[in-house]
Amino acid sequence: MAKILIIEDEAAIRRVLKKIISEENDSYEVEEAEDGLAGIEMIKNTDYDLVLCDIKMPKMDGVEVLEKARKIKPETPMVMISGHGDLDTAVNTMRLGAFDYISKPPDLNRLLNTVRNALDKKELVVENKRLKKKVSKNYEMIGESEAITHIKDIIEKVSATDARVLITGPNGTGKELVAHWLHEKSDRSKAPMIEVNCAAIPSELIESELFGHVKGSFTGANKDRAGKFEAANGGTIFLDEIGDMSLSAQAKVLRALQENRIQRVGSDKDIKVNVRVVAATNKDLKKEIEEGRFREDLYHRLAVILIKVPALNERREDIPLLVDFFAKKISEEQGMPIKGFSNDAIKLLQEYDWTGNIRELRNVVERLLILGEKEVSKNDVKLFASK
């Protein structure tokens, strides 16, 4: 049910607006305020999905109401109601953050379209916030070991800068979590973070994927296409498994880092980009350099800050926290009752050789939640988590 507030000093106008909106959709809950001061108090105390506000009012005019409301509830769309002499002011309120304005007397179709569009916008803002929270929760870094605390400290120092970061560590250790934390804590967090798995893209397509292409540049290039660097403009590009990138693509990435410019495949036109590059690999890049598979100059461009993510076997003290986190998360996702783990079960899990690292532990926790008893026991671990 959408909650709508009408702030209007003319009672007749309030009644007309309320009647039109209520008859359009009987699920709309419409409330009224007779002046700006009353309207602001109602906005403070209630979460409205939409506010319609007159511009010319005693005590507090609509422009002041708009400015105050934007500070109190910035996500609530405001539609201004203007008389014929208020049109210039109404246009100015758009610059101040109003969603739209409607003129008196209100046109029925214009009013209802504006209300619907404003409510759609509010719903989209709420959904985006929900998804952002969900993403942040999904990429939470769990652990209090010395190694994880050290990584968190580095992220706190580095995230506010544009310094390039190279993240190393075995598969399944959570290198992408580090990349997401770097992005979300940075000034670029409102811009996109674009992920590229260099190992998953065929070598003949990696340059097109990263830099885009122009129509006709190769078979199948039916139209111009922007690449990942352009998509990440203003934000962060995460080059996962960069050790698997071809030497020709490495040369183009190096140029992009040196000059902040790229060229689409098949074009000689430079495109300026502003991206922060975070890379990750499970390979020993210094060994790859010695064997001629990775450019040394690119390595030094990427490795301004080095973050090594430890294997799970090197941070066994974090296993109890990880088990608890995964148990709650999996139970919530699958609608299962939350199960506890006995102390003996946790101790046994801490003794295992976790060759698959965090990813393997999560799979084992899920298996134990499904197959284990109401409290997961040591015997459950022996039966269902054995190698």
* To do: Go through the steps for Lys328 and Asp324 under the test salt bridge (Lys or Arg N to Asp or Glu O under 4.0 Å), then give the verdict.
  => CA-CA 6 Å; Lys328 290 176 181 174; Asp324 181 65; 3.3 Å; yes
* **Heavy atoms of other groups near Glu144 CD, more than 12 under 6.0 Å** => no
* Any side-chain heavy-atom pair from Met42 and Tyr48 closer than 4.5 angstrom? -> yes
* Between Glu333 and Lys329, is there a side-chain N and carboxylate O pair less than 4.0 Å apart? -> yes
* Atom CD of Glu375: over 12 foreign heavy atoms under 6.0 Å -> yes
* Lys68, NZ atom: more than 12 neighbouring heavy atoms under 6.0 Å -> no
* To do: Can you establish whether the number of heavy atoms outside Asn45 located under 6.0 Å from its atom CG is more than 12?
  => yes
* Test item: Lys286 side-chain N/O and Glu296 main-chain N/O as donor-acceptor pair under 3.5 Å -> no
* Are a donor atom and an acceptor atom from the side chains of Asp344 and Ser342 found within less than 3.5 Å of each other? -> no
* Flag the pair Arg362 and Glu366 as a salt bridge only when some basic side-chain nitrogen lies within less than 4.0 angstrom of an acidic carboxylate oxygen. => yes
* Heavy-atom pair with the smallest gap, counting every atom of Gly143 and Asp318 -> CA-OD1, 3.3 Å
* Between CG on residue Asn197 and CD on residue Glu176, distance to nearest 0.5 Å -> 10.0 Å
* To do: For the pair Lys382 (side chain) and Leu348 (backbone), establish whether a donor and an acceptor sit closer than 3.5 Å, ignoring hydrogens and angles.
  => no
* In one Ile/Leu/Val/Met/Phe/Trp/Tyr side-chain cluster, 4.5 Å: Leu302, Leu247 -> no
* Asked: So do the side chains of Trp181 and Ile151 get within less than 4.5 Å of each other, counting heavy atoms only?
  -> no
* Asked: Side-chain contact, heavy-atom cut-off 4.5 Å: Val277 with Val253?
  -> no
* Asked: Where do Ser246 and Ile206 come nearest, in terms of heavy atoms and distance?
  -> OG-CG2, 3.9 Å
* Going through the checks in order, is the salt bridge (Lys or Arg N to Asp or Glu O under 4.0 Å) test met by Glu209 and Arg225? -> CA-CA 9 Å; Glu209 191 72 18; Arg225 180 175 176 273; 3.6 Å; yes
* Any side-chain heavy atom of Lys283 within less than 4.5 Å of one from Arg293? -> no
* Asked: In the single-linkage hydrophobic clustering (I, L, V, M, F, W, Y; side-chain heavy atoms under 4.5 Å), do Val376 and Leu371 co-cluster?
  -> yes
* Asked: What pair of heavy atoms forms the shortest contact from Asp380 to Leu368, and how long is it?
  -> O-CD2, 3.5 Å
* To do: Compare all side-chain heavy atoms of Glu230 with those of Ile194 and state whether any distance is below 4.5 angstrom.
  => no
* To do: Nearest 0.5 Å please: distance from the NZ atom of Lys269 over to the CD1 atom of Ile262.
  => 11.0 Å
* Treating Ile, Leu, Val, Met, Phe, Trp and Tyr as nodes and any side-chain heavy-atom pair under 4.5 angstrom as an edge, say whether Met78 and Tyr101 lie in one connected cluster. => yes
* Asked: Is any side-chain N of the basic residue among Arg110 and Asp100 closer than 4.0 Å to the acidic one's carboxylate O?
  -> yes
* Asked: Any donor and acceptor pair, going by atom type alone, linking the side chain of Glu8 with main-chain N or O of Ile13 inside 3.5 Å?
  -> no
* Report whether Leu239 and Val304 are members of the same hydrophobic cluster (ILVMFWY, side-chain heavy atoms less than 4.5 Å apart, transitive linking). => no
* Asked: Within a radius of less than 6.0 Å around CD of Glu146, do more than 12 heavy atoms belonging to other residues, nucleotides or ligands occur?
  -> no
* Knowing that exactly one of Val178, Ile307, Leu182 qualifies, which makes a side-chain contact (heavy atoms from CB on, under 4.5 Å) with Val278? -> Leu182
* To do: Determine yes or no for a side-chain-to-main-chain donor-acceptor pair under 3.5 angstrom, with Thr161 supplying the side chain and Val158 the backbone.
  => yes
* Calculate, to the nearest 0.5 Å, the distance between atoms CD and NZ belonging to Glu207 and Lys252 respectively. => 4.5 Å
* Asked: Do NZ/NE/NH1/NH2 and the carboxylate oxygens of Lys157 and Asp153 come within less than 4.0 Å?
  -> no
* **Any donor-acceptor N/O pair, Asn357 side chain to Leu312 backbone, under 3.5 Å** => yes
* Does a donor on one side chain sit under 3.5 Å from an acceptor on the other, for Asn274 and Asn260? -> no
* So, Glu360 versus Tyr352: side-chain donor-acceptor pair below 3.5 Å or not? -> no
* What class does the angle between the rings of Phe229 and Phe211 fall in, given that below 30° is parallel, 30 to 60° is tilted and above 60° is perpendicular? -> parallel
* Asked: So how far is it from Leu254 CG to Asp297 CG, rounded to the nearest 0.5 Å?
  -> 4.5 Å
* Asked: Quick one: are Cys53 and Leu66 in side-chain contact, heavy atoms under 4.5 Å?
  -> no
* Asked: Considering only heavy atoms from C-beta outward, does the side chain of Lys122 approach that of Leu50 to under 4.5 Å?
  -> no
* Structure fact -> Correct closest heavy-atom pair for Gly266 and Val214 would be O-CG2, 3.4 Å
* Asked: With a 4.0 Å cut-off, would you call Glu41 and Lys59 a salt bridge?
  -> no
* **Lys/Arg N to Asp/Glu carboxylate O, Lys73 vs Asp47, below 4.0 Å** => yes
* To do: Kindly say whether Gly169 contributes a backbone atom to a donor-acceptor pair with the side chain of Lys175 at under 3.5 angstrom?
  => yes
* From CA spacing to verdict: side chain to side chain contact (heavy atoms under 4.5 Å, CB included), Ile40, Ile72 -> CA-CA 9 Å; Ile40 284 296; Ile72 300 166; 4.1 Å; yes
* Does Gln250 use its side chain to pair, donor to acceptor, with the backbone of Met245 at less than 3.5 Å? -> yes
* To do: Supply the atom-to-atom distance Thr89 OG1 to Lys56 NZ, rounded to the nearest 0.5 angstrom.
  => 6.5 Å
* Identify which one of Asp35, Val65, Ile7 satisfies the side-chain contact (heavy atoms from CB on, under 4.5 Å) criterion when paired with Met60. => Val65
* Can any side-chain N or O of Gln263 pair as donor or acceptor with the backbone N or O of Asp268 at less than 3.5 Å? -> yes
* Asked: Minimum heavy-atom separation for Leu369 to Lys339, with atom names?
  -> O-NZ, 2.7 Å
* To do: Using a strict cut-off of less than 4.0 Å between a Lys/Arg side-chain nitrogen and an Asp/Glu carboxylate oxygen, indicate whether Asp270 and Arg255 qualify as a salt bridge.
  => yes
* Asked: Does CD belonging to Glu34 count more than 12 external heavy atoms closer than 6.0 Å?
  -> no
* Asked: Checking Ser189 side chain against Ser186 main chain: does a donor-acceptor pair fall under 3.5 Å?
  -> yes
* Would you say Phe325 and Ile338 are hydrophobically clustered, going by side-chain heavy atoms of ILVMFWY under 4.5 Å? -> no
* To do: Check whether any side-chain heavy atom of Cys198 sits under 4.5 Å from a side-chain heavy atom of Leu210, and report yes or no.
  => no
* **Between Asn117 and Thr114: side-chain donor-acceptor atoms closer than 3.5 Å** => no
* Asked: If every non-hydrogen atom of Ile142 is compared with every non-hydrogen atom of Arg315, which pair is closest and at what distance?
  -> O-NH2, 2.7 Å
* Rounded to the nearest 0.5 Å, what's the gap from CG on Asp49 to NZ on Lys121? Could you check? => 13.0 Å
* Taking it one step at a time, do Ser27 and Asn25 satisfy side-chain hydrogen bond (donor to acceptor under 3.5 Å, both in side chains)? -> CA-CA 5 Å; Ser27 71; Asn25 191 321; 2.6 Å; yes
